[in-house]
Amino acid sequence: MTTPLAAKIAREYGTPCAVIDMDKVERNIARIQAQCDAAGVANRPHIKTHKSPALAKLQIEAGAQGITCQKIGEAEIMADAGISNILISYNLIGEEKMARLAALQAKADMTVAADNATVIAGLPQAAKQSGRTLSVVVECDTGRKRAGVETPAEAIQLARQIKASDGLRFAGFMLYPTESGWDEAQRFYDEALAGVRAEGLEASIVSTGGSPNLKNLGKLKGATEHRPGTYIYNDRMQVAAGVATWDDCALHIYSTVVSRAAPERGILDAGSKTLTTDTGGLDGHGLILEHPEAKIARFAEEHGFLDLSRSNTRPNVGDVVRIVPNHVCVVVNMMDEVVMVRGDEILGTLPVAARGKLR
């Protein structure tokens, strides 16, 4: 069954199409800002989910103190739009990136993360070119085994290197604890903090991260801010993590059923180039709201393979369905624009201005 809004979107924009419900977007922004305020930590949302200066400004207007970007290209888009408080939560290496970081320093108050001596050794070049002191936080691994120093001793040593580097200021620590690893993170942070204080340093920024960790908001004693990203749209992963409901999912992919070659299977016009192959550890590749027992089992580039064997209701060829993606961040990065709606009204399109900014 195709809803009247879905039929209108398909008629005006075609499918597959990314659609955001602005009522839900605004509600999500307000809800998480209120949670941050209640926990006594600043909100520094990660824009890698929406990649839109307009939505970042809505977050700031609601009370966010600044934003987080993963790559310089994202930060350039945001700074050009007038956003002035930016954390780049990623190791930056090379003369090309230092020149771009220096240019960013002229437009915004920049903080960058580092987890090794090579990165820190390159950062004074950006500070010198910009003529401004550059704030640096040490990224600490507290269980994810991604980036970040693995011991407090390493964090302390990097803080010493930052202190000794011309044009750099040690600003604090950046952590991304696992959902169940906050006691470990507390022990790591306490030891690292004691060590940098022995060096005459203070941590003005203690940044925790992740929308799945919103249920742990403020749990780290000493945290000053949190970096949630996905919460603005939410997705199947956030529902599985227990930090969102289906009604909190503000972005849907509208997709047309283009084939029903057999009773228990079908094909959507949304394949891996739309929904991506990132399952987020879940079974299938998204929830079809109209047919929740159906499974998006696998992909070709432009084909979404439906397994309808467990579905009590089955779509017909031509039906337009709404899909909640598993991982909305990677889906948004596939889109040049999203369609905005409010209720049954189409508001227009919003460019995904920072899409594809991978460096």
Side-chain angles (χ1 to χ4, degrees), residues 41-48 65-72 74-75 85-94 97-98 101 104 109-124 126-127 133-165 168-179 181-182 184-197 199 201-213 216 219-229 329 358-359:
V41 296
N43 183 20
R44 185 186 287 278
H46 209 313
I47 62 83
K48 69 182 180 65
Q65 72 162 12
I67 61 170
T68 306
C69 298
Q70 199 78 332
K71 297 296 182 76
I72 284 185
E74 294 175 336
N85 187 332
I86 301 174
L87 165 66
I88 298 180
S89 55
Y90 200 84
N91 286 327
L92 302 177
I93 295 176
K97 288 185 172 58
M98 292 307 102
L101 180 58
L104 273 172
D109 293 325
M110 299 298 302
T111 302
V112 298
D115 79 346
N116 63 77
T118 300
V119 169
I120 294 169
L123 294 175
T133 299
L134 178 63
S135 296
V136 185
V137 292
V138 174
E139 183 174 5
C140 304
D141 173 48
T142 49
R144 290 192 184 271
K145 303 303 178 187
R146 192 167 69 174
V149 295
E150 291 203 336
T151 67
E154 292 174 282
I156 296 162
Q157 179 57 39
L158 291 185
R160 289 193 194 104
Q161 183 184 354
I162 294 166
K163 178 184 178 181
S165 300
L168 304 187
R169 180 183 76 88
F170 171 72
F173 301 104
M174 187 181 80
L175 306 89
Y176 187 10
T178 65
E179 287 85 327
W182 285 65
E184 175 190 352
Q186 188 72 61
R187 289 190 293 270
F188 190 115
Y189 165 66
D190 289 344
E191 185 176 340
L193 180 63
V196 299
R197 283 179 170 171
E199 300 290 330
L201 299 170
E202 276 295 336
S204 59
I205 296 173
V206 181
S207 184
T208 57
S211 291
N213 272 323
N216 293 312
K219 188 173 181 179
L220 186 82
K221 294 178 181 178
T224 64
E225 66 178 36
H226 193 71
R227 311 180 313 279
C329 306
L358 304 180
R359 58 180 182 86

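The structure places CG of L134 at 5.5 Å from CG of L101, a figure rounded to the nearest 0.5 Å. Atom CG of L193 is separated from atom CD of Q186 by 10.0 Å, given to the nearest 0.5 angstrom. Rounding to the nearest 0.5 angstrom, the gap separating the CD1 atom in I88 from the CD atom in Q70 is 9.5 Å. Between the CD atom of E139 and the CG atom of L158 there is a distance of 11.0 Å, given to the nearest 0.5 Å. Put simply, CD1 on I93 and CE on M98 are 8.0 Å apart, with the number rounded to the nearest 0.5 Å. Atom CH2 of W182 sits about 4.5 Å away from atom CG of N213, to the nearest 0.5 Å.
Looking at every heavy atom in both residues, E184 comes nearest to G143 through OE2-N, 4.1 Å. Of all heavy-atom pairs between N91 and A114, the closest is OD1-CA, 3.2 Å. Taking each heavy atom of T208 and A223 in turn, the nearest pair found is CG2-CB, 4.2 Å. When every heavy atom of A113 is checked against every heavy atom of M174, the shortest pair comes out as CB-CE, 3.8 Å. Residues Q161 and A117 share a closest heavy-atom pair of NE2-O, 3.1 Å. What you find for I86 and C69 is that their closest heavy atoms are CG2-SG, 4.0 Å.
Judged purely by atom type and a 3.5 angstrom limit, K71 has no side-chain atom pairing as donor or acceptor with the backbone of R359. For the pair H226 (side chain) and G210 (backbone), a donor-acceptor distance under 3.5 Å is present. Side chain of E154 to backbone of T151: a donor-acceptor contact under 3.5 angstrom is found. Between the side chain of D115 and the backbone N or O of G148, at least one donor-acceptor pair lies under 3.5 Å.
K163 has its side chain out of reach of R160: every pair of non-hydrogen atoms, C-beta onward, lies at least 4.5 Å apart. Residues L168 and P124 have side chains in contact (heavy-atom distance under 4.5 Å, counting atoms from C-beta outward). The shortest distance between side-chain heavy atoms of Y176 and T142 does not fall below 4.5 Å. The side-chain heavy atoms of V149 and D141, taken from C-beta on, include no pair separated by under 4.5 Å. A heavy-atom distance below 4.5 Å is found between the side chains of I120 and S165.
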Please test I72 against L92 for side-chain contact (heavy atoms from CB on, under 4.5 Å), starting from the C-alpha separation and ending with a verdict. CA-CA 8 Å; I72 284 185; L92 302 177; 3.9 Å; yes
Residues V137, T111; criterion side-chain contact (heavy atoms from CB on, under 4.5 Å); working and verdict: CA-CA 7 Å; V137 292; T111 302; 4.0 Å; yes
side-chain contact (heavy atoms from CB on, under 4.5 Å) between S89 and R44, worked out: CA-CA 11 Å; S89 55; R44 185 186 287 278; over 6 Å; no
I'd like to know whether V196 forms a side-chain contact (heavy atoms from CB on, under 4.5 Å) with F170, so could you lay out the CA-CA distance, the side-chain angles of the two residues, the decisive distance to 0.1 Å, and finally the verdict. CA-CA 9 Å; V196 299; F170 171 72; 4.0 Å; yes
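At most 12 non-hydrogen atoms from other residues, nucleotides or ligands lie less than 6.0 angstrom from OH of Y90. Heavy-atom neighbours of K221 NZ from other residues, nucleotides or ligands within 6.0 Å: at or below the threshold of 12.
Between the side chains of R227 and N43, no donor-acceptor pair is found at a separation under 3.5 Å. Side chain to side chain, S207 and E225 meet the donor-acceptor criterion of an N or O pair below 3.5 Å.
Residues satisfying the salt bridge (charged side-chain N to carboxylate O under 4.0 Å, His left out) test with E74, not counting sequence neighbours, are K51. For F188, there are no ring pair (Phe, Tyr, Trp, His ring centres under 6.0 Å) partners at least two apart in sequence or on another chain.
Salt bridge R144/E179: present, at least one basic N to carboxylate O contact under 4.0 Å.
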